[in-house]
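Below, chains carry the letters A, B, ... as their sequence lines are ordered, and counting in each starts from 1.
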Amino acid sequence: MAYSNKVIDHYENPRNVGSFAKDDPTIATGMVGAPACGDVMRLQLKVNEQGVIEDARFKTYGCGSAIASSSLVTEWVKGKTLDEAQKITNTEIAQELALPPVKIHCSILAEDAIKAAIADYKQKQGAQG
Amino acid sequence: MNYFELFQLPQRMELDAALLSQHYLQLQRRFHPDNFANASERDRRQSVQQAALINDAFQTLKHPLRRAEYLLQCRGIDLKHEQQSFQDPVFLMQQMELREQLAEIATAPEQTQVLQQQLEQELQQGQQQLHNELSQALEQQSETGNQQAASLLRKLKFFDKLQQELEFIEQQR
């Protein structure tokens with residue numbers, strides 16, 4: 001199966017790989033996995049007081065499409081509010097990367113990682129407030 | 001007819017491997033396309049299909065993870081085509097750490113022999129425990145038990161992937 005140029009670009013030059021301190025209250029961490037292929041994805045967002053995502057990091061163990069999907073998402077979420085980021089869909093990710101049908105689950109994983117991170121942030125804020 | 005019925009085996013996770021092989025060989029002989037060389041075109045085609053089904057069934061029941069997945073499918077839970085992502089932060093965090101160890105082993109095999117042994121052991125223990133829990137959950141034959149089994153099977157699939165990658169690294173040496 002041939003990967004699109006955008007997937008190859010993100011795979012070869014992944015953006016924002018790494019991690020933030022998980023216990024920092026301004027850091028949102030989303031962990032998701034796909035049992036069918038064993039892929040594991042961690043997405044972290046650095047959120048400021050206005051609820052705007054200032055920075056993002058990811059680490060993904062999986063195929064090229066999963067790495068590209070999470071790399072792309074770190075670029076997309078920067079500068080967005082949490083509400084805006086919440087609205088990113090797997091369809092948009094799959095379209096941007098021209099993912100074939102068998103790789104759609106990789107884009108679902110990336111969408112779910114954003115949602116899991118936002119849920120983690122809200123839980124953290126709730127626990128504090 | 002499901003795969004268990006095909007091999008005349010009880011529809012359970014526990015399986016008599018010798019009996020499975022024995023029934024497989026019997027069926028394979030009976031439906032081997034060579035036996036149908038002089039049969040009608042329709043019968044020949046059917047025997048080929050039947051032989052393929054017998055092989056699929058054997059491979060499915062032979063492998064514990066595929067057997068569990070099939071057993072759940074017979075009980076109405078389809079894990080194979082599941083698109084939903086798995087979200088258990090504690091478990092996934094552990095998987096992430098194991099993946100990091102694996103990556104370390106892959107990049108510096110000479111310095112990481114101890115780490116490799118630890119990882120092998122950890123994978124083995126993790127899988128053993130999940131397998132035990134999986135068998136128990138499937139034995140319950142209840143909706144709750146089936147859902148528990150599905151969740152355990154998802155976790156086992158992550159371990160299975162790690163195991164495959166570790167074996168791949170070991171073969172590369």
Kindly indicate, with the supporting measurements, whether the criterion side chain to side chain contact (heavy atoms under 4.5 Å, CB included) is fulfilled by A/Tyr61 and B/Glu100. CA-CA 9 Å; A/Tyr61 289 100; B/Glu100 277 158 14; 3.1 Å; yes
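- For B/Phe158 against A/Asp39, the heavy-atom pair with the smallest separation is CE2-O, 3.3 Å.
- Closest approach of A/Pro35 to B/Gln84, counting heavy atoms only: CD-O, 4.4 Å.
- Counted within 6.0 Å of OH on A/Tyr11, heavy atoms from surrounding residues, nucleotides or ligands total 12 or fewer; the atom is thus considered open.
- Nearest heavy-atom pair across A/Met31 and B/Met93 is CE-N, 3.4 Å.
- The OG atom of B/Ser85 lies 10.0 Å from the NZ atom of A/Lys115; values are rounded to the nearest 0.5 Å.
- For the atom pair A/Met41 CE and B/Met96 CE, the distance stands at 9.0 Å (nearest 0.5 Å).
- Environment of CD in B/Gln124: sparse, with no more than 12 heavy atoms of neighbouring residues, nucleotides or ligands closer than 6.0 Å.
- If you chain together hydrophobic residues whose side chains sit under 4.5 Å apart, A/Val77 and A/Val32 never meet in one group.
- Residue-environment remark: CD (A/Glu75) exceeds the threshold of 12 foreign heavy atoms within 6.0 Å.
- Counting heavy-atom pairs closer than 4.5 Å to chain A, the top-ranked of the candidates B/Arg99, B/Gln87, B/Lys161 is B/Arg99.
- Interface check for chain B: of the options A/Gly33, A/Gly38, A/Ala34, the most heavy-atom pairs under 4.5 Å are formed by A/Gly33.
- Counted within 6.0 Å of CG on B/Asp34, heavy atoms from surrounding residues, nucleotides or ligands total more than 12; the atom is thus considered enclosed.
- Within a 6.0 Å sphere centred on CZ of B/Arg66, other residues, nucleotides and ligands contribute more than 12 heavy atoms.
- Distance CD1/A/Ile104 to CD/B/Gln83: 8.0 Å, rounded to 0.5 Å.
- Only the side chain of A/Lys22 comes within contact range of chain B, with heavy atoms under 4.5 Å apart.
- Within a 6.0 Å sphere centred on CG of B/Asn38, heavy atoms belonging to other residues, nucleotides or ligands number 12 at most.
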